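Heavy-atom basis, side chains included; hydrogens, waters and symmetry copies ignored. Since the model is a prediction, treat every value here as computed from it, not as a measurement.
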Amino acid sequence: MQSLTNSQGTEHGDQKHSRFPITVDSSKYVVERPTILGSEILALAKRQSKDYLLTQLMAEGPPRVIEPDHSVNLREPGIERFVTLKRQQTDGRERREFTLPARDLVVLAQFGERWETVREGADRWLRISDWPVPCGYRQTVVTLGLLVPPSYPNQGFDMAYFDPPLERSDGKPINAVTPRPCAGRSFQQWSRHRLPTDPWRPDVDGVGTELLRVTEFVRVEVER
Amino acid sequence: MKTRLRIAGVHMDALRSHLLPGDGKEAVAFAVCGRLGGPEVTWLLVQRIIPVPYADCVIRRHDIVTWNTDVLVPLLGEIRTTGASLVKFHSHPTDWNDFSRSDDASDVSVFDTVHLWSRRAVPHASVVVMGNGSLFGRTVGPHGDFAALDRIAVAGMSVEFHDIPPGSAALVDRSTGHRSAVPEFSASSAQVLGPATVALLGKLRIGIVGCSGTGSKVVLELARNGVGSLVLVDPDVVEERNLNRIEGSVREDCGRAKVDVLSNAVARMGLGTDVVTVQRYLASAEAVRTLATCDWVFGCMDSHDGRRTLNRLASFYVIPYVDVGVSITPDGFGSIESAVAAAHFVEPGGSSLASRGAISADVANAEALMLANPEEYGRQRRAGYVEGVAGPRPAVGPFNSLAANLGVIELLDRVHRLRRTTRAAETLRLDITNSFILPERHADACDALGRVLGLGDIDPLLDMPSVT
């Protein structure tokens with residue numbers, strides 16, 4: 001249980017009733033003054049009004065929405081139970097418009113639902129959201145796109161695409177990058193090709209080895 | 001539901017050397033298998049062999065083997081996870097041509113356990129390898145019920161089709177008598193190949209990918225030889241410039257699908273060959289699924305990408321593959337600098353067209369890109385990332401015929417089981433310009449395609465997202 005100390009004086013009420021137990025979601029709190037703002041109740045549950053609505057359960061009828069600046073009178077008889085509601089929900093799954101080989105799906109499982117396979121025109125894209133960027137860049141996570149060639153896995157991935165574009169922390173320009181528009185967004189295309197010493201091996205290489213290669217060439221770029 | 005088994009030559013060699021080591025005693029081995037499913041037939045496709053070491057056999061005699069089942073335990077876990085099928089092999093060195101009572105008891109017991117470990121209704125089988133080279137087998141169901149395998153095909157340097165159910169392996173003399181009569185139109189062939197081979201051709205299903213100059217000749221030659229059924233794959237229509245070489249085509253066929261033109265030509269022969277036509281590119285689900293059911297495939301394509309895909313299909317589904325083609329370099333003055341007709345015999349699990357250097361991955365990639373995404377291909381070509389892909393190629397009918405016939409002869413040669421004193425060559429090159437035939441051997445197996453041997457039906461098909 002937590003207490004809210006008397007930091008914002010509004011009403012100086014009855015000193016005899018100075019402990020008001022309330023419940024927010026499934027946790028109990030004790031409020032030590034008779035009135036409390038909606039935003040303060042949200043703060044008890046460590047939520048912000050920009051992200052969450054606050055509702056009060058009533059004895060009869062539907063829950064009442066409590067605005068952040070509304071002052072709730074805890075001396076009024078009633079159920080002092082409050083429930084928070086996230087303002088925005090996202091439903092629907094990431095798109096899976098074509099199937100990758102099973103061993104690639106095993107690797108992609110580490111990203112949970114945060115990857116998609118999309119057909120755009122004649123292109124097949126694998127896009128991974130929240131790909132972790134190595135140190136040395138202003139961005140920490142970006143969307144990584146890989147173009148899946150028509151004869152994959154006989155032919156392998158080539159180049160990598162980032163949105164938003166990666167920027168070095170020291171502000172220096174990055175070698176061999178060009179913007180590539182795709183599906184209304186602009187991806188930053190890195191021309192990094194495999195050398196004859198590191199050829200694509202069908203049925204051995206896949207998304208797993210390619211993610212390692214991409215991480216490596218992004219990391220190496222800031223060491224120049 | 002009928003069940004058949006396909007084994008690559010390299011696996012059959014390993015089985016024979018383990019099961020018939022020459023000491024006259026029985027032995028046991030297992031195989032993990034992928035599958036090809038169909039409405040009437042299921043095929044089991046050997047992926048790898050796990051021999052039961054002789055040291056694990058408590059008793060080994062000419063008529064009985066008692067073996068410890070420890071070697072089976074890790075396999076049970078594997079098939080539970082992957083859903084693979086398991087085939088048990090054991091030998092009858094004395095040529096006993098049926099399952100014995102102890103074979104029955106052992107199969108019922110072992111496969112009871114195997115079925116309990118399989119997650120869902122998955123077929124498993126038991127096969128006997130006889131000392132004289134014959135094979136027979138049966139599926140063993142979860143209730144100890146047996147059903148004979150109606151074909152065991154071995155795709156090695158010789159291609160074998162064992163269609164004999166348990167108990168009936170009468171030793172048939174292939175050169176003279178045979179129980180079934182051959183049709184009159186095949187009588188002349190039977191005088192050379194023997195009635196058994198002629199009868200076998202009538203029970204084969206053969207796929208031909210690429211039905212143009214070379215493919216059309218293969219199709220019609222096979223039909224005239226009484227092949228049971230043909231699968232024709234080609235997306236294109238006949239154009240005027242094809243009329244110099246598409247066998248069976250007439251001027252009015254311009255604009256018609258090549259596979260339909262050939263299907264009609266075969267039907268007109270009236271010799272009984274069934275034809276299935278697939279007017280799609282090879283890298284399509286319909287073509288892949290239909291070709292997978294074939295006992296043999298011919299590749300008659302110009303493109304490296306098509307041949308690479310067909311080689312991949314043949315490895316996935318353990319099918320012998322003959323690739324034929326002509327390579328012509330005109331000299332620009334109305335003659336040829338070189339013209340070479342080639343026939344490649346590709347056994348699954350052996351060397352591949354890629355490992356022989358007959359196709360190039362870069363050319364194949366460029367072709368695939370040009371087909372799937374011409375704009376991107378154009379961009380990459382201008383940027384120097386890919387080479388230019390050849391346009392319509394020069395072609396001369398008789399050269400195509402040479403290549404086609406080399407290919408059909410490969411088929412006849414390898415199923416007829418001619419005795420050979422030396423290992424047959426994998427590639428035959430007929431240099432038309434310089435008038436010689438050059439056989440080539442390719443001993444080293446292809447590692448890349450070795451990894452996909454026997455995988456069968458998976459999602460995506462051929463493990464390629466673009467096959468839809």
Side-chain angles (χ1 to χ4, degrees), chain A residues 95-108 115-127 145-159 161 176 178-182 189-196 198-210, chain B residues 81-83 281-283 285 303-313 315-316 352-355 359-380 383-386 446-453 455 458-468:
Chain A
R95 291 183 283 173
R96 301 282 152 83
E97 291 173 5
F98 61 89
T99 320
L100 288 168
R103 65 176 178 286
D104 289 341
L105 299 181
V106 168
V107 168
L108 287 167
W115 59 272
E116 47 180 16
T117 49
V118 179
R119 304 193 57 164
E120 259 138 36
D123 292 333
R124 285 186 175 79
W125 284 95
L126 165 65
R127 284 201 282 263
L146 292 173
L147 206 46
V148 182
S151 47
Y152 182 80
N154 292 316
Q155 182 179 4
F157 302 110
D158 184 41
M159 305 197 279
Y161 301 81
T178 38
R180 179 178 169 135
C182 176
Q189 169 183 294
W190 284 51
S191 294
R192 302 288 186 274
H193 311 290
R194 284 175 175 268
L195 298 172
D198 177 30
W200 173 267
R201 298 160 297 172
D203 304 299
V204 172
D205 288 314
V207 171
T209 55
E210 195 65 13
Chain B
T81 318
T82 63
Y281 278 102
L282 171 60
S303 81
H304 291 220
D305 185 44
R307 295 156 75 197
R308 175 171 67 176
T309 302
L310 187 55
N311 205 161
R312 190 175 177 84
L313 189 159
S315 291
F316 263 74
S352 65
L353 294 178
S355 73
I359 57 174
S360 144
D362 288 340
V363 172
N365 292 342
E367 287 166 348
L369 185 61
M370 189 178 79
L371 202 58
N373 193 345
E375 279 178 28
E376 178 66 24
Y377 165 75
R379 260 199 299 273
Q380 290 198 19
Y385 285 140
V386 298
C446 173
D447 286 336
L449 287 185
R451 286 189 281 270
V452 301
L453 187 58
L455 288 188
I458 57 173
D459 182 35
L461 281 177
L462 301 186
D463 228 12
M464 289 171 61
S466 55
V467 175
T468 49

Q | Minimum side-chain heavy-atom gap A:Thr178-A:Arg180 below 4.5 Å | A | no
Q) Salt bridge between B:Asp463 and A:Arg103, side-chain N to carboxylate O under 4.0 Å? A) yes
Q) Looking at A:Leu100 and A:Leu108, what are the two nearest heavy atoms and their distance? A) CD1-CD1, 3.8 Å
**Q.** Options A:Ala102, A:Pro149, A:Pro150, ranked by heavy-atom pairs under 4.5 Å with chain B, top entry
**A.** A:Pro150
Q: For each of B:Ala283, B:Ala368, B:Pro465, tally heavy-atom pairs with chain A at distances under 4.5 Å, and name the one with the top tally.
A: B:Pro465
**Q.** B:Asp305 versus chain A, the contacting section by heavy-atom distance below 4.5 Å
**A.** side chain
Q.
Taking the side chain as everything from C-beta on, heavy atoms only, tell me whether B:Ile458 gets closer than 4.5 Å to B:Phe316.
A. yes
(Q) Taking side chain as everything from C-beta outward and backbone as N, CA, C, O, which of these in A:Tyr152 sits under 4.5 Å from a heavy atom of chain B? Side chain, backbone, both or neither. (A) both
Q. Quick one: do B:Arg308 and B:Glu367 make a salt bridge, cutoff under 4.0 Å?
A. no
Q | Residue pair B:Pro460 / B:Thr468, side-chain heavy-atom distance below 4.5 Å | A | no
Q: Select one option (side chain, backbone, both, neither) describing which atoms of A:Asp123 are under 4.5 Å from chain B's heavy atoms.
A: both
Q. Between B:Leu371, B:Leu462, B:Asp459, which residue shows the highest count of heavy-atom pairs closer than 4.5 Å to chain A?
A. B:Asp459
Q: Could you look at A:Pro153 and say if it's the side chain, the backbone, both or neither that has a heavy atom under 4.5 Å from chain B?
A: both
